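Working notes, structure below.
First the proteins, then the strands, lettered A, B, ... as listed; each starts at 1. Note that this is a predicted model, so its numbers are computed, not measured.
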Amino acid sequence: MCNEEQPDSFIHMMRHSTAHLMAAAILKLWPEARFGVGPSTDNGFFYDIEVPGNIKEEDLNRIEQKMRSLKKHKVTFERSEIGIDDAIAQMEALNQPYKVELLNLLKDQGTTAISKELEDDNLAEGDLESVSFYKTGDFVDLCRGPHLDHAGYIRHFKLIKLAGAYWRGNEKNPQLQRIYGLAFKTKDELDKCIWEMEQAKLRDHRRVGKEMSLFTFNDDVGRGLPLWLPNGVIIRDELEHLARLEEAKDGYERVVTPHITKEDLFYRSGHLPFYKDDMYAPMDIDGDNYYLKPMNCPHHHMIYGHRPRSYKELPVRLAEYGVVYRYEDSGSLSGLMRTRGFCQNDAHIYCRFDQAKDEFLRVMRLHARYYDLFDIKDYHMLFAKPDMNKLDKYVDEPEKWRAAMDVIVQAMEESGYPYREEEGEAAFYGPKVDFMIKSAIGNQYAISTNQLDFLATDRFNLTYKNEDDVDSPVYVIHRAPLGSHERFVAFLIEHFGGAFPVWLAPIQVVIIPIADRHMDYAHKVQDALFGAGIPTGTGTVRVKIDDGRDRMGKKIRNAQMQKIPYMLVVGDKEAEAGKVAVRQRAGEDLGAMDLSAFIDRLRIEVTTRKMPEMPEA
RNA sequence: GCCCAUGUAGCUCAGGGGUAGAGCACUUCCUUGGUAAGGAAGAGGUCACCGGUUCAAUCCCGGUCAUGGGCUCCA
C-alpha cells in the first residue's frame with residue numbers, strides 16, 4: 001500500500017539517505033549504538049539498531065527532532081573508498097560488530113545475501129578489494145550508495161514504528177530494534193500514505209468482525225481459538241456450500257474423520273518425526289497417547305487404504321472440511337488470520353503417476369474459478385522447493401523429489417498462472433505450491449497450499465491394482481484451495497471491507513416498516529421472500545424485519561452500518577401497490593418496485609454470486 | 001518465543017495517589033415518523049489479574065494474562 005508503482009531512483013536514494021540520517025541522529029543520542037542494516041522500503045526506510053537498554057517508543061520523537069536538526073544543518077553524505085581489511089579494522093575500532101560481520105562475509109563470499117528476499121543490495125559492489133563507506137556526521141556506514149549530497153535534500157519523513165528484528169533474520173541471533181520510517185518527496189504523498197494506513201485499519205477483519213458480530217475471542221477459551229458468532233457462521237456456511245458445489249463438479253467425495261488420533265499413526269505419517277514442534281502435547285487415553293490432529297492427511301490415507309483399490313477407480317478424491325490444531329507462537333497469532341485451531345478446506349487426491357500432472361492442473365484451475373468468483377486479481381503461485389543440500393530436513397529421496405517437482409512445474413506452466421520459485425520451503429513430504437494473495441490492507445498471505453506427496457505411498461502402503469493385477473504406488477495431491485476457512489473469511493472481510501456480495505452477506509435484506517400499521521405488509525413481504533425458493537447456502541433468503549420503534553431514518557442508518565445489501569422500506573404507498581421501496585447499502589435509492597421484480601433481482605444476484613460494487617482500495 | 005506499546009461500562013475512548021466519566025448500544029416512557037442518528041429518564045464498572053510501596057492505589061513499582069505493531073514461523 002501507499003507505495004509508488006515505480007519508485008524512481010531519486011526517491012530510493014532519498015529514503016536510503018534518510019535511513020542514514022536516522023542512524024546519525026541515533027548515534028548522537030546513543031554514542032554506544034551499534035548498527036545492523038538500514039535499507040529503503042516501499043514507502044520509506046528502516047534501520048536495525050542496538051543500544052544499551054532499549055529504545056522506547058517515546059524516544060522516536062527525540063530521534064526525529066535530532067534528524068530534523070541534522071537536516072537543517074545539511075550534514076553531508078561523504079563517500080570514500082577503502083580497502084576491505086582497513087574497513088574491517090575501522091569498524092572494529094568503531095565497535096560495530098555487525099558491520100564487521102558483514103565485511104567478513106563480503107571478504108569471504110563476495111556477498112552478504114542471506115536469501116533473495118533478504119538481500120540488502122545497498123552494502124557493496126562486487127569488487128572485493130575495496131568497499132565504500134559513507135560518512136554522515138559521526139556516523140560511518142558500509143554502503144554502496146549512492147546518496148544525496150547532503151541532508152538538506154531530504155524531503156518529508158516520519159518515524160512510525162519500533163519493532164524487534166533478529167539480526168540477519170535468524171531467531172538464534174540477537175534481536176536488534178528496527179525503526180521504520182516513511183519518506184516521500186512531497187508532504188501530500190506522506191499525508192496520503194498515513195491516511196491510507198488509517199483507512200486500511202477501517203477494513204481490518206478484526207475491527208469489521210466486531211462491528212458486524214462475525215466472531216469473537218475469549219480469554220477463558222484461550223488465545224488463537226475463535227468463537228464464531230451466528231453472522232460469521234453464515235459466511236462459513238456459504239463458503240462451504242460453494243466448495244461442495246465446485247468440488248462435486250470435480251469429482252470429490254466427502255469424508256469425516258476424528259479430531260484426536262493415536263500416536264502410532266502420526267509416527268507412520270512422519271508428523272511426529274518432522275512436525276512435532278507444531279503439535280500439542282499428547283493426552284493419555286486408556287494407556288495410549290492420543291494427539292490432536294495437525295493435518296487430515298493420515299486419516300484420509302487410512303480411508304483410501306481401507307480396501308483394495310483398482311486402477312479403474314482412480315483418481316479418488318477425498319474432501320473434508322476438517323478442523324486441525326497446530327501450535328503457533330503466541331506472538332504470531334492474529335485475529336482469524338493466524339489461529340491455533342482452524343478448519344481446512346482440505347482434500348486429498350489419489351492418482352496414478354501419469355494422472356498427477358492433470359490432477360494438479362485441475363486443482364489450479366479450481367483455484368482460478370474461486371478467484372474469478374471473488375474478483376481476486378492480485379495473486380501468484382509460490383513454488384516451494386526443498387533445499388537439495390539439506391534433505392535431512394525433509395524425507396531424503398532425491399529422485400522422487402525431482403520427479404514430483406517436474407510434475408508440478410509442468411502443471412504450473414500449462415496453467416499459465418504466474419508463479420515464483422522459492423528454495424528450502426517445501427513441506428517435509430513433498431514440494432508445495434502456495435497461492436499468495438494480497439489483502440486489501442496490503443498484507444500478503446498464503447491463502448492456499450497444495451502439495452505433491454510421494455512419501456505417503458510407502459509409509460501407508462497406498463497402492464492400486466493395475467491392469468496386470470500388480471500392486472502399484474499412488475501419488476497423493478494435498479490441496480486446500482480456500483486454505484483455512486478462518487483465514488479465507490478474514491481475507492474476504494478485508495477484501496470487501498465487510499460489504500459482502502449479496503450471496504455472502506449475513507443478512508441480505510432488511511425490511512423497514514415505516515409505522516406499526518405496516519407490520520402486516522412487512523411480514524407478507526418477508527414470507528414472499530422466504531417462499532421464493534431462492535437457493536442460498538443456508539437454505540433460504542436471509543431477510544429480517546426491523547420491528548424496533550426507531551424512526552425509519554435510524555433504521556436505515558443501522559442497516560447501513562451493518563452493511564446490509566438491501567433495505568426495503570414499506571409504508572402506505574408500498575402496501576397499497578404491492579411494492580417495496582428499495583435502497584442499496586451504497587446509498588442508492590432504487591425507488592419503488594414490484595415485489596416480484598425485487599425477488600427476481602435478488603434471485604439473479606444470489607444464484608450468479610454477483611460481485612458488489614468494489615469499494616475504493 | 002523475542003522487542004516495543006496498550007488493557008477504564010457491551011463498543012469507542014477521556015481521566016487520574018483520596019472509593020469513577022462521556023458518546024453510542026441497552027431498559028422504560030413519550031413520539032407512528034418517508035431514505036444515514038426524534039426526545040426524556042434509568043440501569044450498567046473489584047478501572048485485566050496477582051503481589052508490593054503508601055495512612056490511602058484504578059493511577060506508582062514488580063509479576064502474570066490478553067491485545068496491537070513488528071521479527072521468526074505459518075493455512
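Computed from coordinates, the A:His348 NE2 to B:A75 P distance equals 13 Å when rounded to whole Å. Between A:Lys210 atom NZ and B:A25 atom P there is a gap of 18 Å when expressed in whole angstrom units. What separates CE of A:Met552 from C1' of B:G34 is a distance of 4 Å, to the nearest Å. As a whole-Å value, the separation of A:Met436 CE from B:C73 P is 13 Å. One interatomic measurement links the two molecules: CZ of A:Arg223 to P of B:C65, which rounds to 8 Å at whole-angstrom precision. The CG-P distance, from A:Asp204 to B:U12, rounds to 12 Å in whole Å. Between A:Ile179 atom CD1 and B:G70 atom P the separation is 16 Å, expressed in whole Å. Atom NZ of A:Lys201 and atom C1' of B:U67 are 14 Å apart (whole Å).
In this structure, A:Phe157 and A:Glu64 have side chains that are in contact, with non-hydrogen atoms separated by less than 4.5 Å. By the 4.5 Å heavy-atom criterion applied to side chains, A:Asp48 and A:Phe35 are not counted as neighbours.
Side-chain N/O atoms of A:Tyr280 and A:Arg326 include no donor and acceptor closer than 3.5 Å. Side-chain atoms of A:His300 and A:Thr257 form no donor-acceptor pair, as typed in the model, at a separation below 3.5 Å. Using modelled atom types and a 3.5 Å distance limit, the side chains of A:Arg479 and A:Gln451 yield no donor-acceptor pair. A donor atom on one side chain and an acceptor atom on the other are not found under 3.5 Å apart for A:Tyr252 and A:Glu246. A donor and an acceptor atom, one from each side chain of A:Asp572 and A:His518, are located under 3.5 Å apart. Looking only at atom types and distance, the side chain of A:Asp434 has a donor-acceptor partner in the side chain of A:Thr449 under 3.5 Å away.
Within the nucleic acid shown, A:Ala559 has no heavy atom closer than 4.0 Å to any nucleic acid atom. Looking at heavy-atom distances under 4.0 Å, A:Ser332 makes contact with a base. Looking at heavy-atom distances under 4.0 Å, A:Arg178 makes contact with sugar-phosphate atoms alone, never a base. Counting any heavy atom pair closer than 4.0 Å across all strands shown, A:Ile447 reaches sugar-phosphate atoms only and no base atom. Using a 4.0 Å heavy-atom cutoff across all strands shown, A:Ile55 reaches sugar-phosphate atoms only and no base atom. No contact: A:Phe46 has no heavy atom under 4.0 Å from any strand. Contacts of A:Ala446 with the nucleic acid, taken as non-hydrogen atoms under 4.0 Å apart, involve only primed sugar atoms and P, OP1 or OP2. In this structure, A:Asn54 reaches the sugar-phosphate backbone alone: every heavy-atom distance under 4.0 Å involves primed, P, OP1 or OP2 atoms, never a base. Within 4.0 Å of A:Ala163, counting heavy atoms only, lies at least one base atom of the nucleic acid. Among the protein residues, A:Asp516 comes within range of the nucleic acid bases, having at least one heavy atom under 4.0 Å from a base atom. When heavy atoms are screened at a 4.0 angstrom cut-off, A:Lys573 is found touching base atoms of the nucleic acid. Residue contacts for A:Asp278: at a heavy-atom cut-off of 4.0 Å it reaches no nucleic acid atom on any strand shown. At the heavy-atom level, A:Gln177 lies under 4.0 Å from the strands shown only through sugar-phosphate atoms. Across all strands, A:Gly553 comes closer than 4.0 Å only to sugar-phosphate atoms, never to a base (heavy-atom distances).
Distance from the side chain of A:Lys554 is smallest for B:G38 among the nucleotides B:A5, B:G38, B:G34. You'll find that the side chain of A:Gln175 is closest to B:C2, out of B:U72, B:C2, B:A75. The side chain of A:Tyr166 lies closest to B:G1 when the candidates are B:G1, B:U35, B:G69. The A:Glu328 side chain lies nearest to B:C73 when the options are B:G38, B:A36, B:C73. In the set B:A75, B:C4, B:G70, B:A75 carries the atom at the smallest distance from any side-chain atom of A:Arg326. With B:U72, B:C4, B:C71 as the choices, the nucleotide that has an atom nearest any side-chain atom of A:Leu162 turns out to be B:C4. In this structure, the nucleotide among B:G70, B:A37, B:G34 sitting nearest to the side chain of A:Ala581 is B:G34. Residue A:Arg206 has its side chain nearest to B:G69 when only B:G69, B:U32, B:G34 are considered.
Checked by distance alone, A:Glu574 brings a side-chain donor or acceptor within 3.5 Å of a matching partner on the base of B:G34. Judged by distance alone with a 3.5 Å cut-off, a donor-acceptor contact links the side chain of A:Arg487 to the base of B:C74. Side-chain atoms of A:Arg585 stay outside donor-acceptor range of the base of B:A36, with no qualifying N/O pair under 3.5 Å. The base of B:C73 sits within donor-acceptor range of the side chain of A:Arg338, with an N or O pair under 3.5 Å.
Contact annotation: A:Tyr321 side-chain N/O to B:A75 OP1/OP2 distance is not under 4.0 Å. Contact check, A:Lys555 against B:A37: no side-chain N or O comes under 4.0 Å of OP1 or OP2.
No donor-acceptor pair under 3.5 Å is formed between the side chain of A:Arg420 and the backbone N or O of A:Leu382. Looking only at distances, a side-chain donor or acceptor of A:Asn345 sits under 3.5 Å from a matching main-chain atom of A:Leu482.
Of the two residues near RNA chain B, A:Met561 and A:Arg549, the one whose nearest nucleotide lies more 5' is A:Arg549. The residue among A:Thr449 and A:Arg583 whose nearest nucleotide of RNA chain B lies closer to the 5′ end is A:Arg583.
The aromatic ring of A:Tyr445 does not sit over the base of B:A75, since the test of centres under 5.5 Å and planes under 30° is not met.
Using Watson-Crick or G-U wobble geometry with both donor-acceptor distances under 3.5 Å, B:U64 finds its partner in B:A48. Pair check for B:C26 finds B:G42; Watson-Crick or G-U wobble, both atom distances under 3.5 Å. Base pairing analysis places B:A57 opposite nothing; no Watson-Crick or G-U wobble pair with both distances below 3.5 Å involves it. Across all strands shown, B:A36 forms no Watson-Crick or G-U wobble pair with both distances under 3.5 Å. The base-pairing partner of B:C2, taking Watson-Crick or G-U wobble contacts with both distances under 3.5 Å, is B:G70. Base pairing of B:A14 is not made with any nucleotide, judged by Watson-Crick or G-U wobble geometry with both donor-acceptor distances under 3.5 Å.
One C1' atom belongs to B:C13, the other to B:C47, and the distance between them is 13 Å to the nearest Å. B:A43 and B:U35: their P atoms are spaced 36 Å apart (whole Å). Taking the C1' atom of each, B:G42 and B:C59 are spaced 30 Å apart, rounded to whole Å. Taking atom P on both B:G1 and B:U64, the two are 11 Å apart, rounded to the nearest angstrom. Here the separation of B:U12 from B:G68, taken at their C1' atoms, is 16 Å to the nearest Å. B:C60 and B:A5 are spaced 14 Å apart, taking the P atom of each and rounding to whole Å. For the C1' atom pair drawn from B:G62 and B:A75, the interatomic distance equals 39 Å after rounding to whole Å. A distance of about 16 Å separates the P atoms of B:U28 and B:G44, rounded to the whole Å.
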